[in-house]
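Here is the structure we will look at, set down as structure tokens.
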Amino acid sequence: MKQSQETPRSQKLQAMRHSAEHVLEQAMLKLYPGLMMAMGPAIEDGFYFDFDFSGKISEQDLPNIEAEMKNIIKKNLPIRKEACPMKKARELFNHNPYKQEWLDEIEKKGETPTLYWTGSEFVDLCAGPHVASTGEIGPFKLLTVAGAYWHGDENQKMLTRIYGTAFETKPELDRYLWQIEEAKKRDHRKLGPKLDLFVINEDIGKGLPLLTPKGTVVRNEILAYEKELEGRTGFQEVWTPHIAKSDLYKRTGHWDHYREIMYAPFGIESETYVLKPMNCPHHYMIYASRPRSYRELPLRLSEPGTCYRYEKSGELGGLTRVRSLTIDDSHILMREEQIDAEFELCINLVLAMFKAFGLNKYWVRLSLNDPADHAKYIADPKTWKKAGRKLEEIVKKSRLTYEIAKGEASFYGPKIDFMVKDAIGRAWQMSTLQLDLFMAKKLGLVYTDADGSEKHPVILHRGLTGSLERTIGLLIEHYAGAFPLWLSPTQVIVIPIADRHHSYAKKVSASLNDKHLRVELDDRPSSMQKRIRDAELAKVPFMIIVGDNERIKGDISVRTRGKADLGRMSLATLEKKLLKQIAEKR
Ligand SMILES: [Zn+2]
Ligand SMILES: [Zn+2]
């Protein structure tokens, strides 16, 4: 679970949802005796629980389960915590391998198991926290039923997962339910293939999305804007291959701290290679390729670099969780006194991207290390403290709203992770800026300072929007597929009313094409109404209709997506309007 410094309000909500989850378990046990409880947390928007049982339930059963939950809530049963010796806990759950596995974990950490009783009727192994009694659980709703592999691993048993949520007030719950309905309509996993933006092909493999020509336009437009911004601010683009020797990753520490996410190494002749899980080491080697002077710093290397990460199949989803992801990555190698200015520069770049995407609600999560977690982080408490403090100072100065997430840092440094809210109010994690005071020293990267001494540079890792795949997924949902003009794969469709208007329509298309506008000519024999409808379905922002009147007068009729007729105008007028709109990223 993510730990973050939460407001008392969100802590209460968390406790309430967690308690609702226990009530769900209790209700399920009553309705389906013999099922086995696996595991379930309170999550960002609610809670879920995984059950192991042979019966089948579907969404039609949810109202019945909810009714039973309401009974339990109405009884206002006290929820009581009890510390329980390991031996007793083992016995209490002796029939349940899932709980035993959890007890193993607790034992490994040397902790004492805690139980939570609901009244005297129901008990579960749980770390809490909970509300004091079931009556404190606010309006709740069960949402969906899904199959879920234990630990998300498809070699493990398939469990039945029930998702639900709870809120403090009814309007908040209603808004959330609206959001879910709206999200279904915008689901990029459906809209993406429907709008011919990307496909996932079983012969290629799971988590390996293929961008179609249209999807690639969206990707290229994002990258082109990034390059434009970077070009103005002194970034230099590089290109690096997708594999490297595994020894390099041993030296960087990825091997020790990041191995779970890396694919198995493979041999080429007598050498061992891996697919790159991050772009950093490749960029470091460019830096290290020749002696560097302080005058060259900051050196801002940038690359849309594709990385490969081991994600369990149960956790993959469309473009948002993939096995091959392209990070719009940069590594800035700099002197320590340049940290503030470089972070400010990168924060401004991130905000410029958000503005272009119409993402107006954002905040940051300051992800720090957990000093107690020795396995996850490079051991050097003093440097961690220094990096964390510096980053907090930067965030404060930036006046961005922030929360602290302990234990969410990268293994080499703390980070500023940007969170955004999309058009329907859902939160997404996007860009990341990371301060790394370790890696240069670890790899022996140096520069010669003004006084002739050798020093290690400091590194800023920057994912401008994060993963391009994820960003495209987010944008499909944020815009419900109706991209603004600058991102639209097809910007204009030209529709000739009848055959005799084809040559005029072709002339119109050619002129738009000359102006670098993305135009399609729809000269299919179907009716004009049908072709307008199809253009609407394809979410094309502008439609040009030409018939006798237009041909004779030498002008065009224009319609916009989802709106009315713009009427007749000259082609030059429209072209000017479109180019202006594109330049302004509208
Ligand atoms: Zn619990
Ligand atoms: Zn990096």
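Atoms within a ligand are numbered from 1 in the order they appear, just like the ligands themselves.
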Does a donor on one side chain and an acceptor on the other come within less than 3.5 Å for T240 and K276?
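The answer is yes; a qualifying pair exists.
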
Report the C-alpha distance between Y362 and F354 in whole Å, list the side-chain angles of each, state the deciding distance to 0.1 Å, and finish with yes or no for ring pair (Phe, Tyr, Trp, His ring centres under 6.0 Å).
CA-CA 9 Å; Y362 47 80; F354 290 175; 5.5 Å; yes

N, O or S from H283 under 2.8 Å to the Zn ion (ligand 2):
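Short answer: no, not a single N, O or S atom is under the cut-off.
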
Would you give the angle at the Zn ion (ligand 2) between C280 atom SG and H331 atom NE2, to the nearest 10°?
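Value returned, to the nearest 10°, is 100°.
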
Angular separation of H18 NE2 and H22 NE2 about the Zn ion (ligand 1), given to 10°
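Nearest ten degrees: 130°.
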
Within 45° of the six-membered ring axis of F167 and under 6.0 Å from that ring's centre, is NZ or CZ of R17 located there?
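Yes, R17 lies over the aromatic ring of F167.
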
In H461, the N, O or S atom nearest to the Zn ion (ligand 2) is which?
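The closest N, O or S atom of H461 to the Zn ion (ligand 2) is ND1.
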
Check whether the ring centres of F47 and F49 lie less than 6.0 Å apart, and answer yes or no.
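Ring centroids of F47 and F49 are no less than 6.0 Å from each other.
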
